[in-house]
Amino acid sequence: MASLAQRFGRWCRSFVPAPPGVDWVERTRACCGSFLGILATGLVCRTMVGPVDDLPLLIAPMGASAVLLFAAPASPLAQPWSVLGGNAVSALVGVACARWLGPDMGVDMAGTAALAVCGAIGAMSALRCLHPPGGAVALTAVLGGPAIQAEGYRFALLPVGLNALILLILALAFNNVTRRRYPHPLPVQHAPIHATADPPPGDRLGFTPEDLDAVLRQHNEFFDISRDDLDTLFREAELHSLQRRFGEIACADLMSRDVVAVTPDTSLRQVWDLMRRHRLTAVPVVDAARRVVGIVTQADLTAQAMGNRLMGDGPRAGGAKRAAAVMTAAVPSVSTATPVSTLIPLMSDGGLHHMPVVDAEGVLVGIVTQTDLLAALYRGRLAESIAA
């Protein structure tokens with residue numbers, strides 16, 4: 001009996017979803033966005049169109065669209081084509097059902113409404129613009145009354161299309177101003193950086209995109225999260241697992257502090273001599289305040305030398321050129337407190353071999369190489385084995 005009561009209790013608790021993993025700031029942001037979105041949509045529609053008899057200029061399903069656009073902008077159901085296409089297509093399906101399958105054709109109102117929602121879901125799915133409020137739009141086209149039915153197919157343009165367009169423009173502005181990526185970026189590519197048949201290093205031991213696709217096909221149901229977000233979440237979970245298992249080894253613990261660096265005005269001959277003398281494969285480029293402005297690698301120097309030879313300029317042509325001419329300017333950097341496990345995807349799949357370490361002012365204080373990273377992982381693994 002106790003076991004039955006426990007199972008019944010768990011079944012009842014399953015009706016209540018787990019608390020969302022967002023703080024009050026994010027909830028407040030979503031509330032403010034939906035308030036501004038609906039208010040501005042109504043005001044803009046009234047200003048653009050003016051008074052229109054009994055036709056509503058702001059329809060109720062836009063409230064549901066606002067929830068998705070401002071509270072869940074990463075959802076596949078909230079992307080621009082889903083909002084515009086889903087609402088407009090559903091309106092067309094609803095009007096078609098009301099006109100051709102209404103009481104005049106022997107189908108009662110409940111049956112017409114059911115067919116409108118069913119047809120809207122089918123059409124949105126086929127056109128890849130599934131948007132839950134679209135079902136309500138189709139229902140509104142059937143049950144909205146004489147004013148909406150008199151509009152016919154124009155209902156898909158006014159108010160549905162205009163409402164959706166204005167709300168979407170406001171969501172684009174609000175989400176990006178409040179630092180929420182919208183529209184959501186395209187899926188992460190897992191192509192190998194060396195243009196070979198081997199998969200990226202991160203895919204050789206962990207899960208691959210094909211594994212994720214296989215699991216999604218196995219479940220065969222719709223999840224309100226994009227495939228690339230699932231991929232990102234799983235890989236970040238793996239990264240947190242590494243940090244927990246190997247400890248918080250920070251970049252400051254293993255970085256090289258006596259860093260050989262050059263300035264943008266250093267000649268390529270001097271850069272090459274420094275790299276050869278210190279047995280380096282790369283040197284950071286710093287300004288007068290030792291802030292990192294670039295990096296020069298052996299590959300950069302080799303490409304410059306080969307270019308000179310191919311152009312017939314002779315082997316000494318590059319001697320007068322400066323580091324600024326060949327350096328890579330967009331150089332990622334980390335702080336002294338950054339866990340070294342964070343560098344794993346950057347140095348494996350990202351193809352980086354050297355990571356400058358900077359302080360709060362961006363001044364170069366050290367550098368971490370792939371060799372340093374291997375040493376850190378070995379140290380962490382050794383400590384884990386001893387603890388076991």
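We're numbering straight along the sequence, starting at 1.
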Handout entry: Val259 backbone acceptor or donor facing Ser256 side chain under 3.5 Å
Key = no
Handout entry: Flag if over 12 foreign heavy atoms under 6.0 Å of OH, Tyr153
Key = yes
Exercise for the section: Without swapping roles, check the side chain of Asn176 against the backbone of Tyr182 for a donor-acceptor pair under 3.5 Å. Expected result: yes
Practice task
State, with a plain yes or no, whether a side-chain heavy atom of Leu77 is found less than 4.5 Å away from one of Ser82.
Solution key: no
Exercise for the section: Report yes or no: does Gln149 contribute a side-chain atom to a donor-acceptor pair with the main-chain N or O of Leu143 at less than 3.5 Å? Expected result: no
Only distances under 3.5 Å count here; give the side-chain donor-acceptor pairs of residues 271-284 to other protein atoms, sequence neighbours excluded, each with its distance to 0.1 Å.
| from | atom 1 | to | atom 2 | distance (Å) |
| --- | --- | --- | --- | --- |
| Asp273 | OD1 | Arg276 | NH2 | 3.4 |
| Thr281 | OG1 | His354 | NE2 | 2.8 |

Problem - ILVMFWY network linking Ile295 to Val260, side-chain heavy atoms under 4.5 angstrom - result: no
Practice task
From the options Leu58, Val44, Leu69, select the one residue that forms a side-chain contact (heavy atoms from CB on, under 4.5 Å) with Leu167.
Solution key: Leu69
Practice task
For Ala141, check side-chain contact (heavy atoms from CB on, under 4.5 Å) against everything at least two apart and list the hits.
Solution key: Val95, Phe155
Practice task
Linking directly or through intermediates, with side-chain heavy atoms under 4.5 Å: list the remaining ILVMFWY members grouped with Leu157, chain and number order.
Solution key: none
Handout entry: Close side-chain approach of Met48 and Leu57, heavy atoms under 4.5 Å
Key = no
Fill in the blank from the handout: So CZ of Arg29 and CG of Asp23: to nearest 0.5 Å the spacing works out to 11.0 Å
